[in-house]
Every structure is written in structure tokens, then in C-alpha cells.
Visitor: 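Pasting a structure here, questions to come.
Every value quoted in this text rests on a predicted model; they were computed, and no experiment measured them.
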Amino acid sequence: MGHTLVIVESPTKARTIRKFLPGDFRVEASMGHVRDLPNNASEIPAAHKGEKWASLGVNTAHAFEPLYVVPKDKKKVVKELKDALKGADQLLLATDEDREGESISWHLLQLLNPKVPVKRMVFHEITKEAISRALDQTRDLDMELVHAQETRRILDRLVGYTLSPLLWKKVAWGLSAGRVQSVAVRLLVERERARRAFRSGSYWDLKARLEQGGGGFEAKLSHLDGVKVAGGSDFDETTGALKAGSTVRLLAEAEARQLQQAVEQAPWLVAAVEEKPTVRRPVAPFTTSTLQQEANRKLRLSARETMRTAQGLYERGFITYMRTDSVHLSEQAIGAARSCVEQKYGSPYLSPSPRQFSTKARNAQEAHEAIRPAGESFRDPAATGLDGRDLALYELIWKRTVASQMADARLTMLAVDLEVDGGALGSAGFRASGKRIDFPGFFRAYVEGSDDPDAALEGQEVLLPALQQGDRPACKGVEALGHQTQPPARYSEAALVKTLEKEGIGRPSTYASIIGTIVDRGYATLANNALTPSFTAFAVTALLEEHFPDLVDPGFTARMENTLDEISHGQVQWLPYLESFYKGDKGLETQVAQRESDIDPGASRTVALEGLPCVVRIGRFGAYLETKRVADDGSEELLKATLPQEITPADLDAAKAELILRQKAEGPEALGEDPETGELVYLLFGQYGPYVQRGQVSDDNPKPKRASLPKGVKPEELSLDDALGLLRLPRLLGEHPEGGKVQAGLGRFGPYVVHDKGKGEKDYRSLKADDDVLAVGLSRALELLAMPKRGRGGRTALKDLGIPEGGEEAIQLFDGPYGLYVKQGKVNASLPEGTTADTITLEQAVELLAAKKATGKKTTARKATGKTASTGTGTARKPAARKPPATTKSGRLRASAVRVIRAADS
């Protein structure tokens, strides 16, 4: 008797599913896709290397036939799968149930070419019951889904590999364009343009503290002589003045203070009291998009981190499939959620009847149920054995699912209008608003945007004392408040995901990788949960808007998405669609060929920003400023200065630009003298931000001492003492109780403390946001060093295996989304099948890491050549190391980073 071979994507999924299958079933992992379009020239088969279309990976002249290759790192996997198929009497393809999973199964079928019966096995959760049902309900491959995924893949390749080379020539090497990526970047750029164009408006109002029957409350000025008082929403963001046609009353500071004095002395009267009952219903269970948004808001996880964690939870059997647009819950899930409500909160908190939600998202597809805890009964978060990020995300999913079957929350909205004599300014109207929670309902389990439902309940409730019309509350004080309108907020990951889904751009399952690509390629930085576009993003967006407007138009991209979904349903033929998009007079291929000669590289590399005494250009090593100035001999010369990476388009104003240019031309001013050495200390600006330097570069001192400014330290506020403190790092804090020195320092990853144990063994911990590297003491350092060391993805090590003989760093064991792995420094190696946390030894770990290092050497050697393939996957080389400021004949510093002129040359 042969066996049944089951193929899934990952070892973790294989381990979980194996527990629920009969003994004669063998489960193997494909490690994701086993075949794809070529990524670089070396992957193109010899038979096709001379073809013009080969670098594209798609034969556009022959029905858009894709050229599929098995990447080098997958050849061993394919061989192992073929070996596993030998002797099998049946093959079950059990990859994920979405388009991507269907595609992986099809590629496996093409590569393995099995001679035994083949069936597709699908499930949206990995439980005993679900796997049993899937075995009974196998089906054939869905070729419409396969064609839909293949069309998307080809379309993305056509857009990316046709436009990216154009960007290399016209803007900068290594840039990329994408069907969804470029639209997302444009959204970020448009928001940043709005921030630059924003003009702040100022207005004043009053806030009164009142008391009635022993109960205090606050009221805000709403009207003056019957006319509404101006608020933030009444201002035009582009002028800072009131909107045209506005009839509101704008209070100046003098008027506000005059009114303050008048109403403090006058009697107050309750003119009207309104109570309005309202009902809040629970939100739907999670989809991929809403999970990414809420995990970003509540847990501060990026979209990529959320999907990686959710995938691990799914593959280990804790939640249902995490790529879905559906908010539907199965009968089984509704029963499990209602059972949880009754047990944890009691029958009064249960909704009168089961709730079912309908999907409103455009183009809803993928899996057919919302993301929820797996199984016929939901495991309580405390009983899962999960910790850290895994527990936090599971608990979020558990609460949202359970809350969906809870009773409505009943509230009463309260509004009280008050009148008071404002003296010469007329009668003043104030309003006090409140909210009373009559029955919390689902709020007990889940409040959207809050990670603590109990605290959120308190925060949501704003109680007012019992007030009736005609009451005369006592005034306890009035405050005049000045306000400035604020620019539009930058996109957070949650806000960008919400906008992309609302506009129908891309698929929620791809948002994590899209945002990751935008950040990885330097189009945006992610800091304080805000996405800030770079100058490169501005340049690329401007080029695409002018020459290829459809490709960055949300409406056009959404229509493409609709068509792709129609292809998946068999309503549109994929080949004619690709022909019309890429070929013909209006096709992308023709448009790029015609436009290329019209695009001026100099103009494309220039970012137009108003109000600057110079222009911003994109060079080989980033953005730089360029202006003309009169030299000492009276001739006109170009002055170029690199922009520090931390300066964004919205932050660059005339004052900052002038400071950077002046330092470039004249050299920086000294902060003062180091009393210990007698050398001057300078504040300088380099590509990687501001830094301090002691002394000048000279033959005798080619590498003067330097130190970067820690994150959050403003250059204009830096004192000489602070600069000297940074230059004297690392500083000794004292002796460790176990022996060895404890120091505080500043490294490439920020401020840290380190326990130097001797013989090269060091134990590092990063300082927290509230810690000051110049002030942190020994006790705080020991507290930080006592904390468990975090691994990849913020994980805590399961155990420390020790330091191998002749080594300097300890080997630690972690549990990741794809199973157990060992880590030493920057090298990770997965544990082989059958090896557990209890059985792994230091010797085995050393062997695994050595094998992993050996496999990585060839890749490293290739990268070291600095060559990139011509197929569109190459990235810009890293800039050379920052060179020190040079000196003029007079001995003065000429620039903060001499490399700038060379770096800026384009």
C-alpha cells in the first residue's frame, strides 16, 4: 500500500495538519511558491537569453505567455517533493484557499506531473473537524482562480518592469514603480503637499467651569449675539483665513479676554436641556483590512507584522484563514461566540438573536468567512499558552468576534444650552455636552480603537449634574483659550489601508507587502506610526502624474481591480484585456516608448517646492539642495549641499535650507571649546542627519571624534555641554554585581547600555524612549540588563544555549511564525523536523548555524561584486562612507560633508 501525499506551504502548517490526518498520510511543505517569473538575468534559461522579452519574463508577442522558472533556492524543495511523491497513490494539494494558494497548487501540479489521482483540499481553519470535512469534500483545481492570479502577476510585471527602467534613467537608479504601489505613494505625496500648502489660522474661545447642586461640569462658548463662534472647521486650509461666505464670528484675543471678564461676573441661566437616547451596535468581525487597521491602532503593529503574526496563529490552529474580505460567520462560529458571551458576561449581554453581517467592501472575495478564533468552541486567550504579540493579536480577534454577538450598547446623549450676559459684546451662548451609558452591552468586551474596554467605558462616559431649564448654575471660573488650526495628519498605516480599501485599490491581502515595499525602497519613512514621503517620492509621483496619469489615478486603478475580479469570475477574458492594456497606440508599451524622449532627466530630478531660496534635486545618494551664488572672483557658481535624510518635504522651509547652504559655503560655527583638549566642537549636517565633531579634519587628525545626535534632539537646542557629553560616550556607569563594567553609549541603532563581561563577551540593551544616554545611571542600566533579550520580531528567547567554544556571542532559541529556530548574532537557522526545545543542544545549534552561514556565502559573494541585473530587480548601490569635512587654506571648515558635491552630481 502506498501513502497519500499532502502538500502545504509551510513547515508550521505541516506540523499542525499532520496531527489531524490518518497515519498513512505524509505531509510536506513547498515553502511558498516553487515557481515564478525570473527575478534576474541569471535565472533566465539559456534557450531564451537572446529573446528581447526574456528580461520581462513575459512573451508579449505570443499571447503573453509567462516564462516560469524554479529559483535556485527552491530546486532542492522540488526534488524532495518529487521524491516524496514516489510510492504515493494519491496527491492532495492543501495550499491556502485564496487565489495565491490556488496558484501554488497549479504550479506544483505542473512541476511534479503526478501519475496518481490529484485533488484539491481546502479549509479555512486547521482543526480536526475542518480537516475531516476537507478530506470528504476535495475538488478539482479552480482554473478561473489560477488565471485571475496569473493575470495579476503578469499585469504587475508589465507595469513594474516597463516603468522602473524609465525611472532609473530619468530620476535615480534602483527605483521601482508598481500598479498599486505607485498609487499608494501618490496618496502619501498628495497629503504632504496639502501639509506644505497649509496655512494656519488662529481663533479664540472660552471654556467655563460651572457647578449645580454640588456637581461640576464644563461648557464651551458656542454663540455670541446669536451668531456661531468660529472653530477650526471654519478655516480655509490654504489661506489660514475664514472660508469664503462664512457667517461665523471670529474672536480675537482682546475680545475673548473682554468677554471672559464680563461672563465671570454675570449670572448664568440654563436655557435648554436635551436628552437624546441612542444605540451603538457592535462592529463586524475582522477582515484582513480591518485587522491590519485595528492592530495598528491598538497594538502599534505594522501591517507586515500583523500579517506575519496572524499567519503564525492560523498555521498553528488558533484562528481561521487571515486573508479574507468577508465578515460572514459560520453557524458554528456564532454558536461558539454566543457561548463565550453567556459564560463570561451573562445572558443580559447576549444579543436577542444571532447577528450576521454582510460584506460592504468593494470587490469582496478571497476566503468565505471572517477572521475569528478557530474551532467549534473558542479558546479563552488566557488558556492558549500564547504570549507577547501572538497573545495580543489573538485576544484582539477573540474580543472582536465575541463582541459581534453581544447586545447593543444603550446611551443617552446630553446637551445643555446656557446663556449669560457678555456686556458690550452682547449675549453669550455656551453649550455643555455629556454622554451617559445606560447599558454597556458589547462595550464590556470591545471598544474600537481602545485596548482596554473598561478604561474606554470610563473615558466614553461624560456625566452632567441634573439640570433643568431655568436653573442658575454658579460660575467657578472662565478661561480664554487661543487655538491654531492644524495641518492634515499624515497617513498612519491604518489610515492608508482604510483609504486603499475604500477606493478599491489593490487587494487587502497585498497591503502589508505594498506598505513594506514603499518603506524599503525609500519612498517613505515610518516614524511615530506616521508615513512620511521622501523627496524621491515627490519626484517619481510628479513624473508619473505628468506623463502616465492613469497609472497613479485611484479611479483607473480601481477599475483595473474590478476587471481583474471579473476575470476571476469568468466574466472577462484575460488575454484580450492584457492585449488592450499593453499593446496598441494607447497601450503601456507604446506610451513609454513615445514619452521617454520627451522626459527631461534634469526636470524629473527636480522637486518643486515653493518658498525656498534654492531647488531640491535627486542625486545618486539622495536629495540635495542646489543654488547659484557669486564666488569671490565675481563669477557665478553652483552650490550643492546634501539634505539630511530626516528632513522631509513638509519640514523643509527657507530657514532650514539657508542654514544648510550657509554651512556648506562657509563652514559651521563652533558650539564652543572642549576644555579638556582645547579643540573646537562643531555641529554639522550630513546625509544621515546632524552630528557633532571635535576638531577639524587634517593630516594629523584625519578622523576627528564624532557623535550623532540621538533621535528627538533638536540641533538648534543643542548646548556645548550636551555635545561634549555625546563626544565622551561611551561612559562608564560602574561595576556589574556579577563582575565586569557597565557602560552607556550611542550606536547605529540608537542609545544603549552594555555589560562588558570581559574576553569579548558583551550583553547589550537598548535604552527606552524616556531614558537619556547622558544621564542614565547604574541602577537603571542594571534594570534594563536584567530584562529578557528580545529576538526577531520582538520575541523573547525560549532559552539561552550558551556561548560555543571560541565564539563571542551566545546562541539563543526562539519560536517564530515558521517554528523553532536558533539565532547567533544576525544568523538564524530553523530546527529540523523532530527536534524540540527540550532536545536541541549547543553542539547541534552550532552545526545548524554553520550550515546556514555556508549557504549564505555564495549570495554574499555575488552581492559584493556590486553588479545588478538588467531585468529590473537591481537596487541602487549604497553610498560611500561619509567623508570628514575638509579645510580651506585658511584652516576653516568648508562643509559638513565634503562628499555632498560628488554625491549630488547627477
Side-chain angles (χ1 to χ4, degrees), residues 274-299 319-320 324-362 364 367-373 378 380-381 393-415 433-463 494-495 497-499 501-502 508:
E274 182 184 6
E275 291 194 2
K276 184 179 179 182
T278 185
V279 171
R280 286 276 305 276
R281 294 182 172 82
V283 289
F286 280 128
T287 62
T288 302
S289 168
T290 53
L291 178 64
Q292 290 174 5
Q293 293 172 49
E294 197 72 340
N296 184 244
R297 285 192 290 256
K298 288 191 174 185
L299 307 180
I319 63 171
T320 52
T324 175
D325 291 342
S326 175
V327 292
H328 176 77
L329 287 177
S330 65
E331 299 277 338
Q332 165 191 303
I334 290 174
R338 295 180 71 81
S339 175
C340 287
V341 174
E342 203 155 9
Q343 290 173 21
K344 197 169 183 71
Y345 304 106
S347 299
Y349 285 89
L350 197 61
S351 63
S353 60
R355 291 185 193 271
Q356 193 57 270
F357 298 84
S358 58
T359 301
K360 296 178 182 177
R362 198 185 299 186
H368 306 299
E369 193 173 0
I371 303 170
R372 61 166 177 84
F378 296 165
D380 189 276
L393 193 64
Y394 177 81
E395 189 171 30
L396 192 67
I397 294 166
W398 186 93
K399 285 179 176 179
R400 177 99 163 205
T401 309
V402 168
S404 74
Q405 298 305 313
M406 293 179 72
D408 296 339
R410 298 193 298 275
L411 305 88
T412 298
M413 311 304 290
L414 309 168
S433 300
K435 184 194 298 183
R436 184 176 67 239
I437 298 177
D438 302 314
F439 177 67
F442 73 93
F443 282 171
R444 283 288 307 278
Y446 188 86
V447 178
E448 195 169 21
S450 171
D451 54 5
D452 184 348
D454 293 329
L457 283 178
E458 293 175 15
Q460 284 210 355
E461 199 163 40
V462 182
L463 297 177
V497 166
K498 185 175 183 178
T499 301
E501 183 179 39
K502 179 184 175 183

Visitor: Is a side-chain donor or acceptor of T288 paired with a backbone partner of T324 at a separation under 3.5 angstrom?
Guide: yes

Visitor: Using only heavy-atom distances, determine whether the side chains of S339 and Q343 contain a donor-acceptor pair under 3.5 Å.
Guide: yes

Visitor: Any cation-pi pair here, R280 with F443, using under 6.0 Å and within 45°?
Guide: no

Visitor: Under 3.5 Å, is there a donor-acceptor pair between the side chain of E274 and the main chain of A415?
Guide: no

Visitor: When rounded to the nearest 0.5 angstrom, what distance separates CD in Q292 from OG1 in T287?
Guide: 8.5 Å

Visitor: To the nearest 0.5 Å, what is the distance between NZ (K498) and OG1 (T290)?
Guide: 11.0 Å

Visitor: Using side-chain heavy atoms (C-beta onward) and a distance below 4.5 Å, is K435 in contact with E461?
Guide: no

Visitor: Looking at CG of D380 and CD of E395, how far apart are the two atoms once the value is rounded to the nearest 0.5 Å?
Guide: 8.5 Å

Visitor: For S330, which residues count as a side chain to side chain donor-acceptor pair (under 3.5 Å) partner, sequence neighbours excluded?
Guide: E369

Visitor: So, does T401 use its side chain to make a donor-acceptor pair with the main chain of P285 at under 3.5 Å?
Guide: no

Visitor: Backbone N or O of L350 within a donor-acceptor pair of the Q405 side chain at under 3.5 Å?
Guide: no

Visitor: For the residue pair F286 and I397, establish whether any side-chain heavy-atom pair is separated by less than 4.5 Å.
Guide: yes

Visitor: Return yes if some donor-acceptor pair links the side-chain N/O of R410 with the main-chain N/O of G441 below 3.5 Å, else return no.
Guide: no

Visitor: Measuring from S351:OG to R338:CZ, what's the distance to the nearest 0.5 Å?
Guide: 4.0 Å

Visitor: Could you tell me which non-hydrogen atom of A403 sits nearest to which non-hydrogen atom of P282, and how far apart they are?
Guide: O-CB, 3.3 Å

Visitor: Which heavy atom in A407 sits nearest to a heavy atom in R355, and how many Å separate them?
Guide: C-NH2, 3.8 Å

Visitor: At their closest point, which heavy atom of P373 faces which heavy atom of F378, and how far apart are they?
Guide: O-CE2, 3.3 Å

Visitor: Please report the shortest heavy-atom distance between L329 and A333, naming the atom on each side.
Guide: CD2-CB, 4.1 Å

Visitor: In plain terms, say whether R436 and D438 are close enough for a salt bridge, that is, a side-chain N and a carboxylate O under 4.0 Å apart.
Guide: yes

Visitor: Are Y446 and L396 side-chain neighbours, meaning at least one heavy-atom pair lies under 4.5 Å?
Guide: yes

Visitor: Measure the CG-CD distance between D325 and E501 for me, rounded to the nearest 0.5 Å.
Guide: 6.5 Å

Visitor: Work out which heavy atom in V462 is nearest to a heavy atom in L414; give both atom names and the distance.
Guide: O-CD1, 4.5 Å

Visitor: Rounded to the nearest 0.5 Å, what separates atom CD1 in I319 from atom CH2 in W398?
Guide: 15.5 Å

Visitor: Looking only at non-hydrogen atoms, find the nearest pair between T320 and A370 and report the distance.
Guide: OG1-O, 3.1 Å

Visitor: Just checking, is any N or O donor in the side chain of S289 or Q293 under 3.5 Å from an acceptor N or O on the other one?
Guide: yes

